[in-house]
Amino acid sequence: MSLATTYSPADVEAKWYQCWQEQGFFKASPNPKKTPYTVVIPPPNVTGVLHMGHMLNNTIQDVLVRRARMRGQEACWVPGTDHASIATEAKVVAQLKEQGIEKKDLTREQFLAHAFAWKDKYGGIILEQLKQLGASCDWDRTRFTMEPALTDAVLRVFVDLYRKGLIYRGVRMVNWDPLGGTAISDEEVIPKDVTAKMYYLKYEIVADSSQPLAVSFEQEANSQQPAAKSYIVVATSRPETIMADVAVAVNPADERFHDLAGQRVRIPLLGRDVPVIQDEYVLTDFGTGALKVTPAHDLNDYNLGQKHNLPIIDILNDNGTLNERAELYVGQDRFAARRNIVKDLDAAGLLVKTEEYASIVQTSERTKAVIEPKLSMQWFMKMEHLAKPALEVVENDTIRLHPAKFKNTYRAWMENVRDWCISRQLWWGQQIPAYYLPDGSFVVALSAVEALELAREQSGNAALEMSDLRQDEDVLDTWFSSWLWPISVFDGFADPDNADVNYFYPTNDLVTGPDILFFWVARMIMAGLEFRQEVPFRNVYLTGIVRDTQGRKMSKQLGNSPDPLDLIAQFGADAVRTGMLFSAPAGNDLLYDEKLVAQGRNFANKLWNAFRLVKGWEVDAALPFAHDKPVAWFGARLAAVVADIDDHFEKFRISDALLAVYKLVWDDFCAQYLEMVKPAYQQPIDPETLRHTTAYFEALLKLLHPFMPFITEELWHELAARGPRDYVTVAHWPKPAPPADSAALLAGMDKALAVVAGIRAVRNQKNLGPNKPLALVIKTDEPALFTAYEGVLRKLGNLEALDFAGAGPAGAVSFVQGSSEFFVPLEGPVDTAAERARLEKELAYAQGFRESVQKKLGNEKFAANAKPDVLERERQKLADAEAKIVALEQALKGM
RNA sequence: GGGAGAUUAGCUCAGCUGGUUCAGAGCAUCUGCCUUACAAGCAGAGGGUCACUGGUUCGAACCCAGUAUCUCCCA
């Protein structure tokens, strides 16, 4: 035989992927004779490259899609990318900078030209990488969130929601990303634990001639000092914002500050003074109990300021530097300004002390910059109206989350949902279709032409010209595109009644990470209900995060993430796919270990070698069917395991489904079945056995195909001559009917295999190699149990003789299975004492077991309360134990 | 600070409504084998007071309460 002993994936993968595409197997179109099965890909960033998270996520999708296809559904997996406005814009800006071009020197059109050029160059990479993984997407349907049709959908939705009163413009405290130069939504903010410094600053009390002060404001640090104080100590973590202070607040219940009400204090280093206000919001046990109020730069302070009618002083520029309103440190970055002001405060004797404390800073998910709370005019979307039905469909299981624990997380967010800030101060994205009139009012319209019409109407000024209108500078959040994805990829906005969207929507399953449950999943549900009155999908499979063996996230900085394409090159895509899935229950983080991929490769190799064995058999047409029992048994096993696998899939237990096929192939098929039927060296096989074996092999290839598409396709074609469209990719998922006597077959073979294991244990104990034929003598009341499997026993046990007798022969090692005794006669002396000790130990164990069962059965309350089937099982246990005890006792007696 | 979830073999996890073999799998470990499909393999073996403390029950890994530790979400 010329086939290599190891499987070589590199030789076959590209070939089959090309064949599948040429055959058009991945293409889907509405087909009334089939049920649709639709998955939309979570669109990766257009400029992204494949990482381990994508590998896991897309492997799972492909497994689901391939199985659905084999089950006769019209399987449609829609690929695509999103424009990732902030990340992509940042990349393009950085790239331009390298070329010496500053964004601010470009017009919007020029910048977009650069950005699209970048997208055209790098945009397709990740999708090409998915092909190497084997992803069976319908590539003709590839979409991009910023392509014209999807942009049109976004604008339509914006206009529609605006007209419904769900989108509004307003000044709010937003999360400002100074590096990205844009507002970001709450969900894009990542809190990080840090050790921060708390600075204790002296605010001088402005002398009020009528009321001399007599209270100690700083008891601890200066307790030995005279009571009269001229300053108050305020603790802050952001000393650079004191220039934006508009008040100092204390709790009215705090007796330390009673006399301060109505006083004014002077901001350190600045000449300006501010009032002391009282509010229950202030914590008495945090810092000094006195809080500086900076409405422009802190959300809580903003609310406090609104309540007390305080002014707002914004001292920061959009890029995080201080502006002229700060008066000091103008032009310096906020962190530089902090360092400098601390120095200056200290020099001026205004810094009492600094303390370290555990704090949290908010950072940008995209740029990692520390977020600056900032007041600005933004566009918002009202969420309450949309959230209610979206929560309902998850609560009532119209949409199921897998694992279900995420229902709690989902509920918590939906019940406390806040309005969505949808505007971004960027260029890469859909420009907001709002047009400002010269008088500052605005109109919202799909096109400039329509906007002009509206503007003339609204203003009553028919002379308005296009040039009088100015479109809003901002673009929409990328998620404002992505939330429409399941509808927009089927052009469901421009043409809501088209055949594709009617057939493929709602989609079936969505596979994504829990980190975007709110960003994306929740909003897609809202969009589906709002725009099609139908949920976008039925199941949401939430994957875990891929981590290294130490539980750390994969990251570029740590360098602990393997390059997926290197892995595929080294082990093969099938191995990588199975490696990812071996240890990936839904919702659990996956501790990635290359050993898992190696296990996948080993499995592929095992399959390959099983194939080599079967392929090498010569047939002798004259031979009678010699292996009815193994053939019938494996048929029963196959039916049982396929039922298990289907059940696992129903419950989205993908790892369990894989493990079930893995064991069926490796243990049942290779280790047992093939060993039972394989002819002796250079002997031919009978045609009937070969026919069954080949059919089983095909069934296994089908079951494996969703997990290992490449090797199964290769072997499918190697195993038999195939017609032009006969591929395992489009073969029918097995639905084997269990044989009528399935239970008896499975139980009978279990017994026989237990005897084989007994014989092998004897071989191991006595150091007898597998090549040495042995004899077996059985003492049993039910010889038929074993004669039916005599062939199996002889083959797997390598027996030269198998006899029944009433007593064991002398000089034999024995073991007990059920109520039967087995003797293996050995040459040479047998260590009787050791044999006796072993049997006695087994006997003591069986007796103890019998006793516990007897006790249970003897308990009146048990007999009264236990269900009949439980009672029956216990009686059976007792009977089995007693039979075993009798057999063991006789074995001992016979020694 | 509030909420959710977890804690089972060295590692990663199953264990469905409490009751079949006194807790299972994969990997890892140990022992013996290069037995003509496969050493990326074969045969066999060892390994767990199911986090802890109480409670309910004839019976608890499973139900209840508390404790500890960890993870996630929200502030």
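Because the structure is a prediction, the values reported are computed rather than measured. So that the names make sense, note that chain A is the first sequence line, chain B the second, and so on, each numbered from 1.
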inquiry  = Please pick, from rC38(B), rG26(B), rG32(B), the nucleotide with the shortest atom-to-atom distance to any side-chain atom of Asn767(A).
reply    = rG32(B)
task = Run the salt-bridge test on Asp880(A) and Lys884(A) with the 4.0 Å N-O cut-off and return the result as yes or no.
result = no
request  = Using the P atoms only, state how far rA68(B) lies from rU31(B), rounded to an integer number of Å.
outcome  = 44 Å
task = Test for a donor-acceptor pair under 3.5 Å between the base of rA37(B) and the side chain of Glu675(A), counting only N and O atoms.
result = yes
inquiry  = With nearest nucleotide decided by heavy atoms, which residue, Ala610(A) or Asp656(A), maps closer to the 5′ end of RNA chain B?
reply    = Asp656(A)
task = Would you kindly give the CZ-to-P distance between Arg653(A) and rC16(B), to the nearest whole Å?
result = 9 Å
inquiry  = I need a per-nucleotide contact map over nucleotides 3-11 of chain B, read 5' to 3'. Cutoff is protein heavy atoms under 4.0 Å; write B for the base, S for backbone only, - otherwise.
reply    = -SS------
Nearest-Å distance for atom pair CG/C1', residues Leu753(A) and rA43(B) = 14 Å
task = Between rA39(B) and rG32(B), how far apart are the C1' atoms? Round to whole Å, please.
result = 14 Å
Residue-phosphate contact under 4.0 Å: Lys856(A) side-chain N/O, rG19(B) OP1/OP2 = no
key: Mutual orientation of the aromatic rings belonging to Phe697(A) and Phe611(A) [parallel < 30°, tilted 30-60°, perpendicular > 60°]   = perpendicular
task = Represent RNA chain B in dot-bracket notation, 5' to 3'. Only Watson-Crick or G-U wobble pairs with both distances under 3.5 Å count; pseudoknot-style crossings use [ ] and interstrand partners use |.
result = (((((((..((((.....[....)))).(((((.......))))).....(((((..]....)))))))))))).
query = What distance, rounded to whole Å, do you find between the two C1' atoms, one in rC63(B) and one in rG18(B)?
reply = 7 Å
query = Which whole number of Å gives the distance between the P atom of rC27(B) and that of rA40(B)?
reply = 15 Å
task = Would you please test Glu675(A) and Lys795(A) for salt bridge (Lys or Arg N to Asp or Glu O under 4.0 Å) and show each step?
result = CA-CA 8 Å; Glu675(A) 291 298 331; Lys795(A) 191 81 180 287; over 6 Å; no
inquiry  = What is the separation between atom NZ on Lys651(A) and atom C1' on rC16(B), rounded to the nearest whole Å?
reply    = 6 Å
request  = In whole angstrom, give me the gap between the C1' atoms of rG1(B) and rC52(B).
outcome  = 26 Å
key: Residue Ala671(A), side-chain atoms from C-beta onward, closest of rA43(B), rA37(B), rG15(B)   = rA43(B)
query = Side chain of Thr6(A): nearest nucleotide among rA37(B), rG44(B), rA40(B)?
reply = rA40(B)
request  = Could you tell me the separation between the CD atom of Gln854(A) and the C1' atom of rG59(B), rounded to a whole number of Å?
outcome  = 17 Å
inquiry  = By nearest heavy atom, map Asn609(A) and Arg873(A) onto RNA chain B; which one lands nearer the 5' end?
reply    = Arg873(A)
request  = Give the rounded distance in Å between these two atoms: NZ of Lys877(A) and C1' of rU21(B).
outcome  = 7 Å
Return all side-chain donor-acceptor pairs below 3.5 angstrom for residues 753-772 of chain A, not counting sequence neighbours, or 'none' if the list is empty.
unit_1: Arg763(A); atom_1: NH1; unit_2: Gly769(A); atom_2: O; d: 2.8
unit_1: Arg763(A); atom_1: NH1; unit_2: Lys772(A); atom_2: O; d: 2.6
unit_1: Arg763(A); atom_1: NH2; unit_2: Lys772(A); atom_2: O; d: 3.0
unit_1: Arg763(A); atom_1: NH2; unit_2: Gly797(A); atom_2: O; d: 2.7
unit_1: Arg763(A); atom_1: NH2; unit_2: Asn798(A); atom_2: O; d: 3.1

key: Between Phe582(A) and Tyr662(A), ring centroids under 6.0 Å   = yes
query = Within a reach of under 6.0 Å around CD of Glu415(A), are more than 12 heavy atoms found that belong to other residues, nucleotides or ligands?
reply = yes
query = Any donor-acceptor pair under 3.5 Å between the side chain of Arg601(A) and the base of rA40(B)?
reply = yes
query = Which of these nucleotides, rA43(B), rU36(B), rA37(B), is closest to any side-chain atom of Cys670(A)?
reply = rA37(B)
remark   = To the nearest 0.5 Å, atom OG1 of Thr6(A) lies from atom CG of Asn609(A) at 8.0 Å
query = Are OP1 or OP2 of rC27(B) and a side-chain N or O of Tyr592(A) less than 4.0 angstrom apart?
reply = no
Proximal nucleotide (of rA37(B), rG19(B), rC33(B)) relative to the Lys606(A) side chain = rA37(B)
ask   = Are Arg760(A) and rC33(B) close enough that a side-chain N or O sits under 4.0 Å from OP1 or OP2?
value = no
inquiry  = Just to verify, what does Asn57(A) make a side-chain hydrogen bond (donor to acceptor under 3.5 Å, both in side chains) with, not counting sequence neighbours?
reply    = Gln61(A)
Atom C1', compared across rG15(B) and rU8(B): separation rounded to whole Å = 9 Å
message = Can you identify which nucleotide, out of rA37(B), rA43(B), rA40(B), has its nearest atom closest to the Asn605(A) side chain?
response = rA40(B)
ask   = Below 4.0 angstrom from OP1 or OP2 of rC42(B), is there any side-chain N or O of Trp666(A)?
value = yes
remark   = Whole-Å distance, Gln599(A) CD to rU12(B) P, equals 15 Å
Any N/O donor-acceptor pair, Lys595(A) side-chain to rC27(B) base, under 3.5 Å = no
inquiry  = Of the listed nucleotides (rA25(B), rG44(B), rA37(B)), which one gets closest to any side-chain atom of Leu659(A)?
reply    = rA25(B)
inquiry  = Students often get this wrong, so: under 4.0 angstrom with heavy atoms, is Arg418(A) touching a base, only sugar-phosphate, or nothing?
reply    = sugar-phosphate
ask   = Which value, in whole Å, describes the distance between the P atoms of nucleotides rU20(B) and rU67(B)?
value = 32 Å
query = If you measure from the P atom in rA65(B) to the same atom in rG5(B), how many Å do you get, rounded?
reply = 12 Å
query = So which pairs with a foot in residues 569-579 of chain A pass side-chain hydrogen bond (donor to acceptor under 3.5 Å, both in side chains), sequence neighbours left out?
reply = Asp62(A)-Arg577(A)
task = Using the test side-chain hydrogen bond (donor to acceptor under 3.5 Å, both in side chains), find all partners of Trp716(A) that sit at least two apart in sequence or belong to another chain.
result = Asp726(A)
message = My understanding is that only one of Phe669(A), Phe634(A), Tyr673(A) makes a side-chain contact (heavy atoms from CB on, under 4.5 Å) with Leu664(A); could you say which?
response = Phe634(A)
ask   = Can you tell me how far C1' of rG15(B) sits from NE2 of His648(A), to the nearest Å?
value = 12 Å
inquiry  = Among rC38(B), rC58(B), rG26(B), which nucleotide has an atom closest to any side-chain atom of Tyr662(A)?
reply    = rG26(B)
inquiry  = If I take atom CG in residue Leu768(A) and atom C1' in nucleotide rG44(B), what distance separates them, rounded to the nearest angstrom?
reply    = 13 Å
inquiry  = Given Leu703(A), which partner from the list Val641(A), Val661(A), Thr712(A) fulfils the side-chain contact (heavy atoms from CB on, under 4.5 Å) test?
reply    = Val661(A)
